[in-house]
Amino acid sequence: MFELKTILEVIYSVGDLEKVKHFFSDYGGLSVVGNYKTDRSVLDFWNLDASAEAKETLIQFGSHPNGSIRLVKYENVAQKYIRSSQNPWDTGGIMDINLRVPEVAQTFNELRELGWHGLSDPLLQKMGPFELYDILMKGYDDIIIAFTHRVEPPLKLAEGYKIPSHVYNSSLTVKNLKATKDFYVDMLGFSVLNEYEVKKDEPIENMFGIPMNMIEDVTCKASIFSLDGTRDVMFQACEFEGVDGRDFSHLAIPPNRGLLLYRCEVEQLQNYYDSLLTKGVKIHKPLQEIRIEPYGRVQCFAILSPDGVWWEFLETNT
């Protein structure tokens, strides 16, 4: 037997480690868990040359370990942007991460002063059973972060933070939602929490930045997944029917810049690994021991999704 636990971390490959760290810690109020030199075993796991080096900063919300952000700054390697000049309907890799904020309009204005910009002004959105204010903001390394405030059902947030949130959700834009769902549910054993569609019936501004003369012809279909069946850390796969974008799948690999990969915790990892092999899941990096601080030596393997998302699965000793 095995137990799928959670998405422990989202790995974010940055161009300027100090600038991004200060954004999350000094502006957002998130906690810096530690600063580390990336172990050689991890660099080998990521298929990097012997000359490559990297340093890391692990960031989390308070004492909440799940949905953390690990910043990685690579040295002595050539890099490309994973989703250069991206639009939300471009496929491949991780499109965004979601963070909760106490007031979206205030966050929007403050982030514009820091050099970020939105794909729209803040909008009230209806997504399945939830009603929320949402804004997609483009920031450092061509990433997108969705800053949200849930209106219905209401959600109480911790006070005293600009960003009182771990990464509770993130989005993948995929070519075929049915094939994606088959992969995550039937092959990997994840749970579906919710499914919904967003379609506008009039030319109207929208959070994705789709031109208003096209929006009536576009349907966004989404499935929300969880490893453990809870909403603590989720991710959603979205298919934009009616608009075609670029495909960044081949670029979503280390050491390229942007939202790079997911790192997930599993109990009885060997059993899970064996079960995937039995199902015929293609393993990108076989099960092996690597050293990841602050966890120490862990067993880890990696797979690639059909849309080029790098997933790492590990078992910690904590």
Interatomic spacing from CE in Met207 to CG in Leu136 - rounded to 0.5 Å:
3.5 Å
Partners passing ring-ring contact (aromatic ring centres under 6.0 Å, His included) against Tyr196 (at least two apart in sequence or in another chain)
none
Does Lys80 offer a backbone N or O that forms a donor-acceptor pair with the side chain of Asn256 under 3.5 Å?
yes
With sequence neighbours excluded, what pairs up with Tyr74 under the ring-ring contact (aromatic ring centres under 6.0 Å, His included) test?
Trp46
So side-chain hydrogen bond (donor to acceptor under 3.5 Å, both in side chains) across residues 149-160, not counting sequence neighbours, yields none
Will you find, in the side chains of Ser223 and Glu195, an N or O donor that is under 3.5 Å from an N or O acceptor?
yes
side-chain hydrogen bond (donor to acceptor under 3.5 Å, both in side chains) between Ser171 and Asp96, worked out
CA-CA 5 Å; Ser171 300; Asp96 74 8; 3.0 Å; yes
Mind checking what makes ring-ring contact (aromatic ring centres under 6.0 Å, His included) contact with Tyr184, not counting sequence neighbours?
Phe190, Phe225, Phe235, Trp311
Report yes or no: do Asp49 and Ser51 form a side-chain donor-acceptor pair below 3.5 Å?
no
Centroid-centroid distance, Trp116 to Phe108, less than 6.0 Å:
no
Same apolar cluster (I L V M F W Y, side chains within < 4.5 Å links), Phe248/Ile145
no
Can you list, by chain and residue number, the hydrophobic cluster partners of Met212 when the side-chain cut-off is 4.5 Å?
none
Just verifying a value: how many Å separate Leu277 CG and Leu287 CG, rounded to the nearest 0.5 Å?
9.0 Å
Share the residues that join Tyr81 in a hydrophobic cluster, the rule being Ile, Leu, Val, Met, Phe, Trp or Tyr side chains under 4.5 Å apart at the heavy-atom level.
none
Sub-3.5 Å donor-acceptor pair from the side chain of Glu315 to the main-chain atoms of Gln268, do we have one?
yes
Of all residues at least two apart in sequence or in a different chain, which pass the ring-ring contact (aromatic ring centres under 6.0 Å, His included) check with Phe2?
Tyr272
With a 3.5 Å cut-off and no angle check, do the side chains of Asn109 and Glu113 form a donor-acceptor pair?
no
Taking the side chain from Thr173 and the backbone from Thr91, do they hold a donor-acceptor pair closer than 3.5 Å?
no
Between Leu227 and Leu269, is there a shared hydrophobic cluster once you connect ILVMFWY residues whose side-chain heavy atoms come closer than 4.5 Å?
yes
Side-chain donor-acceptor pairs under 3.5 Å in residues 299-306, sequence neighbours left out?
{"unit_1": "Ser305", "atom_1": "OG", "unit_2": "Asp307", "atom_2": "N", "d": "3.2"}
{"unit_1": "Ser305", "atom_1": "OG", "unit_2": "Gly308", "atom_2": "N", "d": "3.4"}
{"unit_1": "Ser305", "atom_1": "OG", "unit_2": "Val309", "atom_2": "N", "d": "3.0"}

Residues in side-chain hydrogen bond (donor to acceptor under 3.5 Å, both in side chains) with Lys162, at least two apart?
Glu110
Residues 198-205 side chain polar contacts: donor-acceptor under 3.5 Å, at least two apart:
{"unit_1": "Lys199", "atom_1": "NZ", "unit_2": "Glu216", "atom_2": "O", "d": "2.2"}
{"unit_1": "Glu205", "atom_1": "OE2", "unit_2": "Asp121", "atom_2": "N", "d": "3.4"}

Treating Ile, Leu, Val, Met, Phe, Trp and Tyr as nodes and any side-chain heavy-atom pair under 4.5 angstrom as an edge, say whether Val101 and Ile59 lie in one connected cluster.
yes
If I take atom CG from residue Leu261 and atom OG from residue Ser13, how far apart are they, to the nearest 0.5 angstrom?
9.5 Å
Within the 3.5 Å criterion, strictly below it, is a donor on Glu289 or Ser41 matched to an acceptor on the partner's side chain?
no
With no hydrogens and no angle check, just 3.5 Å: does a side-chain donor-acceptor pair link Thr57 and Asn35?
yes
Please report the interatomic distance CZ(Phe61) to OG(Ser68), rounded to the nearest 0.5 Å.
11.5 Å
Could you measure the distance from the CD1 atom of Ile82 to the CD1 atom of Ile94? Nearest 0.5 Å is fine.
7.5 Å
Steps toward side-chain hydrogen bond (donor to acceptor under 3.5 Å, both in side chains) verdict (Asp232, Thr230)
CA-CA 6 Å; Asp232 181 50; Thr230 75; 5.4 Å; no
For Asn206 and Phe208, indicate whether the former's side chain and the latter's backbone hold a donor-acceptor pair under 3.5 Å.
yes
With sequence neighbours left out, what residues match Thr148 under side-chain hydrogen bond (donor to acceptor under 3.5 Å, both in side chains)?
Tyr168
Check for a donor-acceptor pair, side chain of Asp141 on one end and backbone N or O of Ile143 on the other, with a separation under 3.5 Å.
no
Is it true that Lys138 and Asp142 make a salt bridge, defined as a side-chain N closer than 4.0 Å to a carboxylate O?
no
Salt bridge (Lys or Arg N to Asp or Glu O under 4.0 Å) with Arg246: which residues, sequence neighbours excluded?
Asp90
Here the gap from Asn98 atom CG to Asp134 atom CG, rounded to the nearest 0.5 Å, amounts to 7.0 Å
Look only at the side chain of Lys73 and the backbone of Gly15, and say whether a donor-acceptor pair between them is shorter than 3.5 Å.
yes
Salt bridge Lys5-Glu267, side-chain N to carboxylate O under 4.0 Å:
yes
